[in-house]
Amino acid sequence: MLSAAALLLLGAEGSAHAEPGVTSLPAVAVDAPKVKPRPVVRQNAATAQVGRTRARAATTPPQRRAPSPSVGATPSVATVLFPAPSQAELGNLPKEYAGGQAARGARLGMLGNRDFLDAPFKVTSYTSKLIENQQARTLSDVLENDPSVRFTVSSGQVRENFRIRGFSVLVSETALNGLYGVAPDGRVPTEFLERVEVLKGPAALLSGMAPYGAVGGSINLVTKQAGDTPVTSVTGDYTSNSQFGTHIDVGRRFGQDNAFGVRFNGAYRGGDTTLDYQSRERGLEALALDYRGEKLRIALDAYFNQEIASGGVPMMASFTGTGVAAAPDSSNNIFRGLSGRMNNSGAMGRVEYDLADNVTLFASAGAIDARFNGLTNSTVATNVNVLGRYSGTSIDLRGYTDTISFQGGLRADFRTFDIGHRLSLSAANLESKIGSAFQRSSAYVSSIYFPVTPLIARDPGEAPKSTDTTLSSVALADTLSAFDDRAQLILGLRAQRVQTKSYNTTTGAETNYYDESAVTPAFGLIIKPLPMPMSLYANYIEGLTQGDRVTDTAAANYNQIFPPYKSRQIETGVKWDAGQIANTLSFYEIEKPSLIKSGNVYNSDGRQRNQGVEWNVFGEIVEGVRILGGAAYTIGVLTKTANGQLDGKTAYGTPKWQVNVGGEWDTPFVPGLTLEGRVVYTSAQFVNSANTQKIPEWARLDAGLRYSTQLLDKKVTFHANANNLLDHNYWAGSYFADGIVILSAPRTVLISATVDF
């Protein structure tokens, strides 16, 4: 149905618009409706907006540009829309920063969109321009640019999970347009995304508790909407070894004041991958509708995506003893014959209404039906010895997640005497039903270097319901500002309730019920001491994680459920906007509780502390030369463990150094040609809590180029990228379970051509 909508748009509108600035018709004057403008008081980007004009541009009629002799006569129509107030989100997307790879700001949960200088947290927003130029096919490809992020599954798995500031973040905890629980599960496609926003550290106040309680950071996906400029683009692509695909992107605005918008993105890709014997197939259909009125703004998003991996999945491994076997050829498929599938159907709606120029009500609601079967993250070669031999089993999984999510509230800007206020009130509720089943095969003996065909587990059948979870919360925050916003203080509280029911997957009987509440505060401070665009910031913020349940049947307190865990972060830093280059230097400490065993009893007294320094940079050094990336230095320590046996040990999966630096150069000798390069480095790291197993450091080089030109009066852009250019094989990092490592991806070549109509 979505594809049909796109074809109708192409047929009805495709020949009516052209790329802006390339072609047009002779000037035509149109009488504009005469509407008396409302008064406005507006401040600069670093301050709060008190009001805005609601005029319909009665004095200046729309104009069409003079025709270009080199191209056809299709016009680009200028639009006049009602501007949204600063406290709103819809229609208020932060602008791109110099170079276009990152944006000036991002969404800070219930606080709304903020410029990066006015955010007392570390946040980076990657743009759709970066996604297109780097041919980033999934969310992991985008996060390859972030030095604070590493991955906890081998590239090419059916799911992609992450580690931010040394703590695990599941893809299931990604938010869509600020709403938890409705983003695609598995591998997130990027074709329908406008922004990927990464907030570092816990975010319980800002966004509520993530579905599984991630504390290292949060990821928000912003979907594409129809813009003021019509869009019609078609991309054909190739990925090694023999995958071919296409992507269609169509966007239009129409109606009085161009108030209505439609955006469709459709993609399909299939063929053999760089993993021996494996083929993959992926499809996406995403439709976005929106309305922009004088006081009312509405946005609706719906998507369906499916991913199928056949013939094998990338490996992960655990080791015996203290040694770690050398990494095998990363194209070597040791799980040949296995397969996996993920299906996601999701929809969400958002609405904003301006009660006054400085008060906006907002609400959003969404749902997802996510289903999987086959191998997902269970492809682990267990107990590998130093010669590469192991005894393994395969697992066939089947499961589903059905989620309904809601949030609503208001934001208001006002002043009391000389103090400015941006008040935010929010309520949220997420209900999730999870079902799962699995079957395990008999054991077999193989080698990671010379694999045999594994035994295949039988289909487990339908997945019975295993868990019901409800996360509900209410939050209040106020941003106080003084001295022309050169001093800002954020104060906030969120009251969170966690309710969980567990079921016996055989009988369906309820086995556990859990109902706990907690309050998490947050404080943020911004000081701008100099006339230059620089801010000093500090924050204290807490995260919240569902309490663990004791699953050890031999334990004296088997089945006990603990209260929610509170994680705490203290962070300070400095941000500097040099006009074309933005820098952030931050210092942080995060402490996270964990479950430990003392004698025959489990308790929640375990502790891990991660301390680190991060530097991020993005922008344009000089005209035509862009930079993106940074470096992260982390010390992760187990501060309290069972009987103190591992106290002082380094937390697994926390390398001291992580560096990601990428650059682009628009060559002066060939107009339209851009050269690209990126270096990714990770230092050595322990992969188990006992610190007896360690994988060596690694570095990877990525390279690419793109060329833009005009062919038959159409803009055409060619892209060519090679990731892991030198085809280096290495253990890339740690899974989110103790003692399991992930493998690098082979050299991957990506080629595409995009035509803008």
Side-chain angles (χ1 to χ4, degrees), residues 2-25 27-33 35 52-58 60-65 73-85 88-96 113 127-129 132 177 191-195 222-234 247-266 285-303 348-354 715 756-757:
L2 298 182
S3 297
L7 292 174
L8 287 173
L9 280 170
L10 281 168
E13 302 269 8
S15 62
H17 298 281
E19 184 193 1
V22 174
T23 182
S24 58
L25 291 175
V28 176
V30 180
D31 292 335
V35 177
R52 69 199 187 281
T53 302
R54 298 287 194 171
R56 292 186 179 176
T60 306
Q63 298 292 319
R64 302 181 188 270
R65 298 183 181 181
T74 340
S76 174
V77 180
T79 61
V80 179
L81 299 174
F82 296 111
E89 286 187 15
L90 295 176
N92 251 357
L93 191 70
K95 294 181 179 179
E96 293 180 356
N113 290 325
T127 66
S128 59
K129 181 181 294 184
E132 294 164 8
N177 296 315
E191 288 87 355
F192 75 130
L193 300 183
E194 185 66 41
R195 299 280 165 84
V222 181
T223 54
K224 291 178 179 177
Q225 302 288 327
D228 296 342
T229 302
V231 171
T232 304
S233 71
V234 178
H247 170 212
I248 299 173
D249 185 358
V250 183
R252 296 289 187 273
R253 301 208 69 83
F254 55 92
Q256 185 177 7
D257 300 311
N258 282 329
F260 296 92
V262 179
R263 187 77 175 262
F264 172 81
N265 278 269
E285 292 182 315
L287 181 65
L289 309 175
D290 74 275
Y291 169 78
R292 302 179 189 174
E294 184 175 5
K295 293 185 177 181
L296 178 66
R297 294 170 296 281
I298 302 173
L300 302 173
D301 289 275
Y303 67 87
M348 72 174 298
R350 293 174 288 162
V351 61
E352 291 182 338
Y353 183 77
D354 302 331
K715 180 184 176 183
D756 294 320
F757 293 94

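These values consider heavy atoms only, across backbone and side chains, with no hydrogens, waters or symmetry-generated copies.
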Tell me, please, which residues at least two apart from Q225 pass side-chain contact (heavy atoms from CB on, under 4.5 Å). T223, A288, D290, A299, D301, R350

Would you please name every residue forming a side chain to side chain donor-acceptor pair (under 3.5 Å) with E89, sequence neighbours left out? R107, R411

The criterion is side chain to side chain donor-acceptor pair (under 3.5 Å); which residues satisfy it with D249, sequence neighbours excluded? K224, R263, N265

Would you say H247 and V234 make side-chain contact, with heavy atoms under 4.5 Å? no

Between CD on residue E285 and CZ on residue F192, distance to nearest 0.5 Å: 12.5 Å

Could you tell me if R252 and T232 have a donor-acceptor pair between their side chains, going purely by distance under 3.5 Å? yes

Exercise: identify the closest heavy-atom pair between G261 and A226: CA-CB, 3.8 Å

Looking at residues at least two apart in the chain, or sitting in another chain, which of them share a salt bridge (charged side-chain N to carboxylate O under 4.0 Å, His left out) with E352? R297

By ring-ring contact (aromatic ring centres under 6.0 Å, His included) - contacts of Y291 (at least two apart): F260

For the pair R253 (side chain) and V262 (backbone), establish whether a donor and an acceptor sit closer than 3.5 Å, ignoring hydrogens and angles. no

So, do P94 and R195 sit near enough that their side-chain heavy atoms are less than 4.5 Å apart? yes

Could you measure the distance from the CG atom of L289 to the CG atom of L287? Nearest 0.5 Å is fine. 4.5 Å

What distance do N177 atom CG and L193 atom CG have between them, rounded to the nearest 0.5 Å? 9.0 Å

Main-chain N/O of P85 paired to N92 side chain as donor or acceptor, under 3.5 Å: yes

With sequence neighbours left out, write down each residue that passes side chain to side chain donor-acceptor pair (under 3.5 Å) with S128, or none if nothing qualifies. E194

